[in-house]
Peer 1: 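Okay, here's the structure, questions in a sec.
One is the number of the first residue; the rest follow in order along the sequence.
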Amino acid sequence: MPRRLLLAAALAFLPLAATAQEADHPAAKPMVVGSDFGVAPWMVRGASGPEGFGVDLMTEIAKRLGRPGVEIVDVNFSGLFAALFAKRFEFTANPLNITEERATRMLYTEPFFATGNGFIARRGETMTTLEELKGKAIAVNRGTISDTWATANAEKYGFEVQRYDTFPDSVQAVLTRRAFAAINEIPTTVYAASQNRQITVAFKDYTGRTSASPSAPKARSTATRSRRCWNA
């Protein structure tokens with residue numbers, strides 16, 4: 001991963017990570033973060049542990065904060081928010097789409113990338129418009145923004161929504177022909193297709209929605225200090 005991109009993203013996290021550390025985690029202990037290991041390329045299971053952009057990013061943040069290391073807790077996306085609010089970790093390693101509803105419950109870092117929906121289909125399948133989803137089944141990772149989008153648009157475009165606890169399970173639904181397509185963030189779908197020649201990204205719906213990493217709810221003064229640090 002380009003070091004310039006890694007450092008820029010790390011800067012977005014620093015004020016948030018610092019405030020979470022002061023409240024719940026001694027500085028002498030490893031930084032604890034949560035992630036769904038099934039969401040590539042942010043976090044994947046490697047032979048010796050988690051790998052991916054998220055690992056590089058968390059390692060850089062811990063280094064800048066003077067923490068002795070990083071502990072990454074694996075949580076299915078559908079349980080990520082509950083674990084965050086229960087303080088099992090300081091914040092998430094997975095970048096999450098910023099929505100008004102989420103922003104009222106969590107304190108986000110500054111956004112560090114924009115994206116949209118990628119539609120994974122079996123290789124050879126094509127798709128040029130959302131209207132082509134009519135009468136088909138679409139697989140989503142339960143609780144994600146893709147799940148939210150599918151729920152809101154199922155009636156409009158006439159498709160059925162199938163929900164799975166992990167992203168790999170939603171892709172498997174496509175491979176076994178239970179679903180026509182699986183939806184996730186564009187970078188995630190592009191990476192998945194690069195690793196499996198049986199699938200392709202049949203369509204990209206770039207919406208420009210932004211993503212960042214959230215922490216559990218903080219006092220308004222904490223949020224203000226974090227944003228002032230970023231803008232300084």
Peer 1: Taking distance alone, no hydrogens or angles, what donor-acceptor pairs closer than 3.5 Å link side-chain atoms of residues 168-182 to residues at least two apart or in another chain?
Peer 2:
| unit_1 | atom_1 | unit_2 | atom_2 | d |
| --- | --- | --- | --- | --- |
| D169 | OD2 | T166 | OG1 | 3.1 |
| S170 | OG | F167 | O | 2.6 |
| T176 | OG1 | Q172 | O | 2.8 |
| T176 | OG1 | A173 | O | 3.4 |
| T176 | OG1 | R178 | NE | 2.8 |
| T176 | OG1 | R178 | NH2 | 3.3 |

Peer 1: Would you indicate whether the side-chain heavy atoms of R88 and V32 approach each other to under 4.5 Å?
Peer 2: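 No, too far: nothing below the 4.5 Å cut-off.
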Peer 1: Testing the basics here: between E90 and R67, what is the closest heavy-atom pair and its distance to 0.1 Å?
Peer 2: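 E90 and R67 have their closest heavy atoms at OE2-NH2, 2.8 Å.
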Peer 1: One pair to check against side-chain contact (heavy atoms from CB on, under 4.5 Å): N141 and D147. What are the steps and the verdict?
Peer 2: CA-CA 6 Å; N141 191 171; D147 184 358; over 6 Å; no
Peer 1: Once rounded to the nearest 0.5 Å, what's the spacing between atom CD of E60 and atom CG of L57?
Peer 2: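 The distance works out to 8.5 Å.
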Peer 1: Going through the distances and angles, do R142 and D165 end up as a salt bridge (Lys or Arg N to Asp or Glu O under 4.0 Å)?
Peer 2: CA-CA 5 Å; R142 191 187 312 275; D165 287 333; 2.9 Å; yes
Peer 1: Do you know which two heavy atoms are closest between P68 and K29, and how far apart they sit?
Peer 2: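 Residues P68 and K29, closest heavy atoms: CD-O, 3.3 Å.
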Peer 1: Determine all donor-acceptor pairs shorter than 3.5 Å in which one atom belongs to a side chain in residues 200-207; sequence neighbours excluded.
Peer 2:
| unit_1 | atom_1 | unit_2 | atom_2 | d |
| --- | --- | --- | --- | --- |
| T207 | OG1 | T115 | O | 3.2 |
| T207 | OG1 | R209 | N | 3.3 |

Peer 1: Using side-chain heavy atoms (C-beta onward) and a distance below 4.5 Å, is I72 in contact with V55?
Peer 2: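 They are in contact (side-chain heavy atoms under 4.5 Å apart), so the answer is yes.
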Peer 1: Look at the aromatic rings of W149 and F119 and report parallel, tilted or perpendicular, splitting at 30° and 60°.
Peer 2: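 Judged by the thresholds at 30° and 60°, the geometry between W149 and F119 is perpendicular.
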Peer 1: On a heavy-atom basis, which atom in I120 and which in A192 lie closest, and how many Å separate them?
Peer 2: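 For I120 versus A192, the nearest heavy atoms are CD1-CB, 3.9 Å.
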Peer 1: Would you indicate whether E131, at its atom CD, is surrounded by more than 12 heavy atoms from other residues, nucleotides or ligands within a distance under 6.0 Å?
Peer 2: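 Above 12, so yes.
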Peer 1: Do the side chains of T151 and T148 get nearer than 4.5 Å, heavy atoms only?
Peer 2: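 SC-SC contact between T148 and T151 ruled out.
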Peer 1: List the residues meeting ring-ring contact (aromatic ring centres under 6.0 Å, His included) with F37, not counting sequence neighbours, and say none if there are none.
Peer 2: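 F37 satisfies ring-ring contact (aromatic ring centres under 6.0 Å, His included) with no other residue.
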Peer 1: Which atoms form the tightest heavy-atom contact between E132 and T126, and what is the distance?
Peer 2: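 Looking at all heavy atoms of both residues, the shortest contact is OE1-O, 3.9 Å.
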Peer 1: What closest approach, in Å, do S146 and N184 show between heavy atoms, and which atom pair accounts for it?
Peer 2: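 Between these two residues, the closest heavy atoms are OG-CA, 3.4 Å.
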Peer 1: Would you say that M31 contacts I61 through its side chain, given a criterion of any heavy-atom pair below 4.5 Å between the two side chains?
Peer 2: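 Side-chain contact under 4.5 Å: yes.
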Peer 1: Applying side-chain contact (heavy atoms from CB on, under 4.5 Å), run through V140 and Q162 and close with a yes or a no.
Peer 2: CA-CA 6 Å; V140 297; Q162 297 179 358; over 6 Å; no
Peer 1: Mind checking the CG-OG1 spacing from D36 to T188? Nearest 0.5 Å is all I need.
Peer 2: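 Separation between the atoms: 10.0 Å.
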Peer 1: Hey, could you give me the CZ/CG distance between R105 and L84, rounded to the nearest 0.5 Å?
Peer 2: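 So the gap between those two atoms works out to 9.5 Å.
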Peer 1: Could you tell me the separation between the CD1 atom of I138 and the CG atom of N117, rounded to the nearest 0.5 Å?
Peer 2: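 It comes to 10.5 Å.
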Peer 1: Evaluate the ring planes of F81 and F85, with Trp represented by its six-membered ring, and classify them as parallel (under 30°), tilted (30 to 60°) or perpendicular (over 60°).
Peer 2: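 Ring orientation of F81 relative to F85: tilted.
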Peer 1: Kindly compute the distance separating CD (E160) from NZ (K136), expressed to the nearest 0.5 Å.
Peer 2: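 Between atom CD of E160 and atom NZ of K136 there are 13.5 Å.
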Peer 1: Verify whether one side chain among R64 and T59 offers a donor that lies under 3.5 Å from an acceptor in the other.
Peer 2: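 Absent: no donor and acceptor within the cut-off.
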Peer 1: Using the side-chain contact (heavy atoms from CB on, under 4.5 Å) rule, take L130 and F159 through it: C-alpha gap first, then chi angles, then the decisive distance, then the call.
Peer 2: CA-CA 10 Å; L130 294 172; F159 58 80; over 6 Å; no
Peer 1: Does M127 form a side-chain contact (heavy atoms from CB on, under 4.5 Å) with L133? I'd like the steps, not just the answer.
Peer 2: CA-CA 8 Å; M127 178 179 166; L133 297 174; 3.6 Å; yes
